[in-house]
Structure formats: C-alpha cells, structure tokens
*Asks:* 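This is the structure I want to talk about, given as structure tokens.
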Amino acid sequence: NQYPLTSLITLALVALGLRLAFHVGKARFNFADPLTNPALFHSPEIYSDRNFLIAYRNQMNFLENLNFFARDLDIRLWSVDGLAALIGLGYVLGRVLYARNYPRDYTHARGFQIASVCFLLLLIGAASSTIYSLILH
C-alpha cells in the first residue's frame, strides 16, 4: 500500500458508516419488531418515530457528504499522503462529533463545521495539485 495513512482514514470512514448503519437498524427494531409487526417494519410509518428519524438522517447526511469527500481524498492523496491523512482525520473527527451530538441543541453544528473546513482544504489541495500537474505536463 503506497498510502497507508490515507488508507487508515478511509477505513475509519467505513467503520463510522457501518456504526451509523447499525444505529439505523437498531432504531428500526426498537420501533417496529419484524416478528410482532412485519408490516410496520417496512412501512413509511416508521419515519414518524423520532429516534428512527434521527438515526436515519444522521446516516444519510454522512453518506451524502461521504460521496464527495472520498473522491476528494483520493485525488489529494496522490500528492501528499501524510497531509491528506491529517486533513482526513479532521474530517472523521468532525463527522464523529456531528453524529454524537445530532440533533441535540445544535451542538452538532460544530462537527459539521470542522468536517466542512477539512473538506474545503482537501478540495483546494486536490484542485491545486491537479492544476500543478497539468502545468508540468
């Protein structure tokens, strides 16, 4: 593996995604047990449960942002593995902070801000290294 540090960040993102998916499954089982009420388990009514909706939106927000961040991380790591991993670590920590505090009294906003700044730094780095490579070639 040429990029071990960035690979660790990618694995951390996968682990966080799995944990959030587990929380969605747990919230679904808590609200609608498939053995006692299988119709409710896959019904749109499940979105009326506050705990399920929180877990679901937390996971979906993570996945919506992960799509862009992962591409950005891949581009940037080709330039500098250590720097990409450091910024990626900031992103992971921001997403963990977001997930832990969502939606309690808007303290999750700090995690979103941290993750957003890391995403923008990585995006600027990826764009600049790509443009630099184009100029050299």
Side-chain angles (χ1 to χ4, degrees):
N1 187 345
Q2 278 184 296
Y3 309 107
L5 297 174
T6 308
S7 296
L8 283 174
I9 297 304
T10 303
L11 290 172
L13 289 168
V14 169
L16 180 58
L18 287 173
R19 181 169 174 101
L20 293 174
F22 173 77
H23 285 292
V24 171
K26 184 178 173 186
R28 183 183 293 274
F29 272 93
N30 287 342
F31 180 69
D33 184 0
L35 299 176
T36 59
N37 192 350
L40 182 60
F41 191 71
H42 291 291
S43 166
E45 291 177 43
I46 197 159
Y47 296 102
S48 66
D49 180 59
R50 184 178 193 282
N51 292 325
F52 174 78
L53 193 57
I54 288 170
Y56 178 74
R57 279 307 312 146
N58 201 349
Q59 181 199 27
M60 286 297 106
N61 188 278
F62 173 75
L63 292 175
E64 290 161 2
N65 288 286
L66 179 64
N67 187 33
F68 297 107
F69 184 79
R71 285 2 174 226
D72 202 14
L73 186 65
D74 286 345
I75 293 169
R76 184 64 185 143
L77 71 85
W78 294 329
S79 303
V80 184
D81 179 46
L83 183 58
L86 185 63
I87 296 170
L89 178 62
Y91 182 84
V92 170
L93 294 175
R95 294 306 308 183
V96 168
L97 185 63
Y98 180 92
R100 285 190 62 217
N101 295 325
Y102 182 82
R104 290 178 280 192
D105 64 22
Y106 297 102
T107 56
H108 66 284
R110 181 67 59 211
F112 180 77
Q113 291 165 348
I114 292 168
S116 295
V117 166
C118 290
F119 173 76
L120 287 174
L121 287 173
L122 208 58
L123 181 63
I124 291 167
S128 63
S129 67
T130 301
I131 292 168
Y132 182 73
S133 295
L134 286 171
I135 292 171
L136 288 180
H137 293 98

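Below, all heavy atoms of this structure are taken into account, side chains as well, without hydrogens, waters or symmetry copies. These figures come from a predicted structure and were not determined experimentally.
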*Asks:* F69 vs F119 aromatic rings, parallel, tilted or perpendicular, using cut-offs 30° and 60°?
*Replies:* tilted
*Asks:* Can you tell me how far apart CZ (F68) and CG (L122) are? Round to the nearest 0.5 Å.
*Replies:*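 Going from CZ on F68 over to CG on L122, the span is 14.5 Å.
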*Asks:* Looking only at non-hydrogen atoms, find the nearest pair between L13 and F62 and report the distance.
*Replies:* O-CZ, 3.4 Å
*Asks:* Around atom CZ of R19, are there more than 12 heavy atoms from other residues, nucleotides or ligands closer than 6.0 Å?
*Replies:*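 No, the 6.0 Å shell around CZ holds no more than 12 heavy atoms from other groups.
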*Asks:* Supply the atom-to-atom distance L123 CG to S128 OG, rounded to the nearest 0.5 angstrom.
*Replies:*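 Going from the CG atom of L123 to the OG atom of S128 covers 9.5 Å.
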*Asks:* Supply the atom-to-atom distance H23 NE2 to I54 CD1, rounded to the nearest 0.5 angstrom.
*Replies:*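 So the gap between those two atoms works out to 12.5 Å.
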*Asks:* Does L63 share a hydrophobic cluster with Y56, counting links as ILVMFWY side-chain heavy atoms below 4.5 Å and allowing steps through other members?
*Replies:* yes
*Asks:* Could you tell me whether the side chain of L20 reaches within less than 4.5 Å of the side chain of L16, counting heavy atoms only?
*Replies:*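 Contact flag for L16/L20 side chains = yes.
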*Asks:* Is F52 close to N30 at the side-chain level, that is, under 4.5 Å between some pair of heavy atoms?
*Replies:*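 No, too far: nothing below the 4.5 Å cut-off.
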*Asks:* Taking all heavy atoms of P103 and all of H108, pick out the closest pair and write down the distance.
*Replies:*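 That would be CA-ND1, 4.0 Å.
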*Asks:* Give me the atom names and distance for the closest heavy-atom approach of A84 to T6.
*Replies:* CB-OG1, 4.0 Å
*Asks:* Please name the pair of heavy atoms, one in D72 and one in A126, separated by the smallest distance, quoted to 0.1 Å.
*Replies:*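 Smallest heavy-atom distance, with atoms named: OD1-CB, 3.3 Å.
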*Asks:* Are L86 and L73 linked, directly or through intermediate hydrophobic residues, by side-chain heavy-atom contacts shorter than 4.5 Å (ILVMFWY only)?
*Replies:*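 Hydrophobic grouping puts L73 apart from L86.
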*Asks:* So does E45 have more than 12 non-hydrogen atoms from other groups sitting under 6.0 Å from CD?
*Replies:* no
*Asks:* Backbone N or O of A27 within a donor-acceptor pair of the N51 side chain at under 3.5 Å?
*Replies:* no
*Asks:* If Ile, Leu, Val, Met, Phe, Trp and Tyr residues are connected whenever their side-chain heavy atoms lie under 4.5 Å apart, and connections chain through other members, are M60 and Y47 in the same group?
*Replies:* yes
*Asks:* What heavy-atom pair brings V24 and A55 nearest, and what distance separates the two atoms?
*Replies:* CG2-O, 3.3 Å
*Asks:* Could you give the side-chain donor-acceptor pairs of residues 87-98 under 3.5 Å, partners two or more places apart or in another chain?
*Replies:*
residue: R95; atom: NH1; partner: N61; partner atom: OD1; Å: 3.2
residue: R95; atom: NH2; partner: N61; partner atom: OD1; Å: 2.8

*Asks:* Could you state whether L121 and L66 fall into the same hydrophobic cluster, counting links through intermediate Ile, Leu, Val, Met, Phe, Trp or Tyr residues with side-chain heavy atoms under 4.5 angstrom apart?
*Replies:*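 Yes; L66 is reachable from L121 via cluster members.
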